[in-house]
Amino acid sequence: MSNETVSDFLLKRLSQWNVRRIYGYPGDGSNGIMGAFNRAGDQFEFIQTRHEEMAAFMACAHAKFTGEVGVCTATSGPGAIHLLNGLYDAKKDHQPVVAIVGQQGRNALGGDYQQEVDLVSLYKDVANEYVHMATSPAQVRHLIDRAIRIALSERTVTAVIIPSDLQSQPAVEKPPRSHGSVHSGIGYARPRVAPHEDDLKRAAAVLNEGRRVAILVGAGALHATDEVIQVAETLGAGVAKALLGRAALPDDLPFVTGSIGLLGTNPSWELMSNCDTLLMIGSGFPYSEFLPEEGQARGVQIDIDGRMLSMRYPMEVNLVGDSATTLQALLPHLEQKTDRSWREHIEKSVAQWWEVLEERAMADADPVNPQRVFWELSPKLPDNCILTSDSGSAANWYARDLKLRRGMMASLSGGLATMGNGVPYAIAAKFAHPQRTVIAMVGDGAMQMNGNAELVTIAKYWQRWSDPRLIVMVLNNQDLNQVTWEMRVQEGDPKYEASQNIPDFPYADYAELIGLKGIKVTESEALAGAWDRALNADRPVVLEVKTDPNIPPIPPHIKREQAKAYMSALMHGDPEALGTVKASFRQFAREFIPKTRKH
C-alpha cells in the first residue's frame, strides 16, 4: 500500500503539468506541503523568497518571461494575505499564475481559530475564474488540473486552498468510479484563434483607405514582431508601444515612435494626434487622452480577448484573434501604400526625438542626471538581455531612454503599476534564463519597500546561475520622485516633505556586506565605466547612482493646465522650487506650450 500523502500527490500532479519551479514561503498552514517538497528531492526547485508578496511577483514574472504557468505557495492566514498584491499584478497583466495556499484544519474552520481567514471569499476577486478549497483527498486531482488549465486558457490567476490536516491524509490518485466523482486529465494546447475572412476584409478596407495610419502594440504583440513590421511597412505606418509591449518591436526601426502615454514620447503623441486611422494590436492601454480624439480616426483592433475590444477607442472593426495569426491572415488583403509622406514625417520626428533625448540626458544635474544613467546603459545592453523596471520615475527613463534590440525581453507592472516588482521580476527572470544578463532598474523607494530584502534572496541563490550577471541599478535621490512630481503637476501642490523624503541608505555597501558586488556613482562621468564594471562582474551587482530628484519625469507634451499647476506648486512653498526651475528649464523649456492637434 502506498504511503503517498495528499501533498505528495499534489506535487506529483504539478510535475505532470511540467511545473518544476515554485516560489514561496513556509508556515505551519503548509507544513505538509513543505514535507512533500523535501521528499520530492530535485524534482522541484523551491525558491524561498523573503516575503510571500515577492513569491507572487516571481510567479508572475516567470509567466511573463517563459509563457508557462507560474506557481507560488504560502501558508494560511497572513501568508495567503501577503500573496495578494503580486497575484493582482498577474491578474491585471493577464498572466497565468496558480496560487497554492494552506488553511487551518477542517475541524477548526468556522470557530474563529487562530489564523483562520475565509480564503475562498478573500480570493474571489483576484482568482475570480477559479478558487476552491479541497475538503477531501479525491478532489485534489481535478482541483489542480482545472486551476492550471483555466489559468493558461484564460490568462489569469487561479487558487487552490489545501487545509493543513488534509495535506497529510492518504492520497487518492484515482477517484472511485461512482456517481459524483470527477475524473480529470492533464494537458492544454493553445488554440489557433483567427477572425472570419469577411471580418478581415472589412478591417483591410478601413486600413487601405487610411492615409495616415498609426499602430499601437501591447503585450499581445510580443510574439508578432515580424508580422507587425510587415503590416507597418505595407501601410506606411508608424508604431507606438504601450509599456507592456516595450519589447514587441526593436527601437532601431526608424518608424517606431517608442512608448505612449504619461511616460511616452513626443513622436508617439504626434502619431496619435495626426493619424486618420488607428490599428491597435494586443493592447489595453488605458489612457484615452493619448489616443486620437473620438471621431478623428477610423479604428481596427485585434485582441485575443473579446472583452478588451472597442473599450479604449470606438473601433469600426473588432477582430478576436491571436495577434500573429490574425496579422498573417490580414496581410494578403492589405494594399501597399505608394505615398510615403506620412512615414517620412514619422521617421524624421523619431530621429529628432532621439537627438532631444540625448541632449536631455547629457544636461547638467546635481549630482547625476537620471536620464543619463539609462542613456549610458543603452548601447552597452548585452544581446538577449532581460530588463525589468519598477514603478516610479525609473519607469519614465526605462520607457524613453533605452533602445531595445530584437531578442531582448522587458517588463514591469503594467495594469497594477505597483511598486516593488522590479527586483523579484529580475530574480525570476534569472531563474528562468540563467544564461542571460538581467538588469533591474529600481528607485530607492521600491528598494526600501522590499528590494533590499530580496537582495538576500539573490545572495542565497546566485551561484546556481550559469551566468552570474544580475544587476540591480538603484536611483538614489531620497525622494518618492514620481509622486512628488504628480503632486506638483497634477494637483498644483508643493512637495510635502513628510510624505516624500525618504532616508538615505548605503545600497552598494549593503550589497558588499551580503556577498554581492556594490558600485556607487556620484558623478556623471563615472557612469560609463561603472556600467562596464557591472556588466563584466563575476557576481550580481548593486549599482547605486546618486541622482537629481529635480529632473522632471513628466510627459514632454505638457498641457497648459499642467504648467499652471506646476507654477502654482513652486509659488506656494515647494522646498525644491529653485532646483526644479533650473532643471525644468534645461529639460523642457520648449515643451511648456502644448502642441496642437492637426486633423
Side-chain angles (χ1 to χ4, degrees), residues 241 243 246-247 250-252 256-259 261-268 350 353-365 367-382 385-405 408-412 422-423 425-426 437-447 470-477 479 481-482 485 507 519-535 541-556 583 586-588:
K241 302 188 288 187
L243 280 181
R246 187 76 171 80
D251 289 305
D252 52 13
V256 172
T257 62
S259 300
L262 292 166
L263 316 186
T265 69
N266 248 348
S268 292
V350 170
W353 176 248
W354 284 116
E355 293 176 0
V356 169
L357 285 180
E358 182 175 17
E359 291 175 2
R360 292 177 178 173
M362 303 307 286
D364 292 339
V368 177
N369 187 333
Q371 295 165 109
R372 185 166 176 177
V373 180
F374 292 74
W375 190 261
E376 295 277 7
L377 168 64
S378 188
K380 301 177 185 293
L381 288 170
C385 67
I386 303 175
L387 307 175
T388 70
S389 173
D390 218 291
S391 297
S393 62
N396 291 273
W397 320 129
Y398 159 84
R400 297 178 192 160
D401 288 286
L402 295 175
K403 287 188 177 182
L404 270 62
R405 304 191 302 275
M408 296 178 180
M409 292 193 286
S411 197
L412 42 54
V423 176
Y425 268 31
T437 303
V438 177
I439 304 171
M441 290 152 281
V442 186
D444 47 1
M447 285 300 292
L470 188 161
I471 302 168
V472 177
M473 187 280 294
V474 185
L475 298 176
N476 182 0
N477 56 25
D479 179 40
N481 200 236
Q482 185 79 355
W485 279 98
Y507 303 97
I519 300 172
K520 186 173 183 178
V521 175
T522 58
E523 298 178 351
S524 298
E525 291 70 23
L527 275 171
W531 276 120
D532 287 337
R533 299 204 315 275
L535 288 165
V541 174
V542 173
L543 174 58
E544 175 189 355
V545 186
K546 293 286 288 185
T547 54
D548 188 345
N550 293 325
I551 303 297
I554 51 181
R586 288 191 294 262
Q587 292 291 314
F588 297 116

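Numbers for residues simply follow the sequence, beginning at 1.
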Quick check: do [X] and [Y] have side-chain heavy atoms less than 4.5 Å from each other?
{"X": "Ile439", "Y": "Leu377", "answer": "yes"}
{"X": "Gln482", "Y": "Asn396", "answer": "yes"}
{"X": "Thr437", "Y": "Leu535", "answer": "yes"}
{"X": "Val368", "Y": "Val373", "answer": "yes"}
{"X": "Met447", "Y": "Val423", "answer": "yes"}
{"X": "Val256", "Y": "Lys241", "answer": "yes"}
{"X": "Val545", "Y": "Leu527", "answer": "yes"}
{"X": "Val474", "Y": "Val542", "answer": "yes"}

- Between Trp397 and Leu475, is a side chain to side chain contact (heavy atoms under 4.5 Å, CB included) present by the stated rule, with each step listed? CA-CA 11 Å; Trp397 320 129; Leu475 298 176; 4.1 Å; yes
Short side-chain to backbone donor-acceptor contact, [X] and [Y], under 3.5 Å:
{"X": "Ser268", "Y": "Ser259", "result": "yes"}
{"X": "Asp390", "Y": "Val442", "result": "no"}
{"X": "Ser378", "Y": "Lys403", "result": "yes"}

To the nearest 0.5 angstrom, please state how far the [atom1] atom of [X] sits from the [atom2] atom of [Y].
{"X": "Arg246", "Y": "Ser411", "atom1": "CZ", "atom2": "OG", "value": "12.0 Å"}
{"X": "Leu381", "Y": "Arg405", "atom1": "CG", "atom2": "CZ", "value": "6.0 Å"}
{"X": "Asn476", "Y": "Tyr507", "atom1": "CG", "atom2": "OH", "value": "5.0 Å"}
{"X": "Gln371", "Y": "Ile551", "atom1": "CD", "atom2": "CD1", "value": "6.5 Å"}
{"X": "Tyr398", "Y": "Ser391", "atom1": "OH", "atom2": "OG", "value": "11.0 Å"}
{"X": "Trp353", "Y": "Thr265", "atom1": "CH2", "atom2": "OG1", "value": "6.0 Å"}

- Can Val541 and Arg533 be said to form a side chain to side chain contact (heavy atoms under 4.5 Å, CB included), step by step? CA-CA 9 Å; Val541 174; Arg533 299 204 315 275; over 6 Å; no
Of all the heavy-atom pairs spanning [X] and [Y], show the shortest one and how long it is.
{"X": "Gly422", "Y": "Ala440", "value": "O-CB, 3.8 Å"}
{"X": "Leu243", "Y": "Ala399", "value": "CD2-CB, 3.5 Å"}
{"X": "Ala395", "Y": "Leu412", "value": "CB-CD2, 4.2 Å"}
{"X": "Ala394", "Y": "Gly443", "value": "CB-N, 4.3 Å"}
{"X": "Lys546", "Y": "Pro367", "value": "O-CG, 3.1 Å"}

- Query: side chain to side chain contact (heavy atoms under 4.5 Å, CB included) between Trp375 and Asn369: does it pass, once the steps are laid out?
  - Reply: CA-CA 10 Å; Trp375 190 261; Asn369 187 333; over 6 Å; no
- Query: Within 45° of the axis and under 6.0 Å from the centre of the six-membered ring of Phe374, does NZ or CZ of Arg400 qualify?
  - Reply: no
- Query: Asn481 and Asp479: side-chain donor and acceptor closer than 3.5 Å?
  - Reply: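 Present: a donor and an acceptor within the cut-off.
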- Query: So, Asp401 and Arg372, do they make that salt bridge, N to O below 4.0 Å?
  - Reply: no
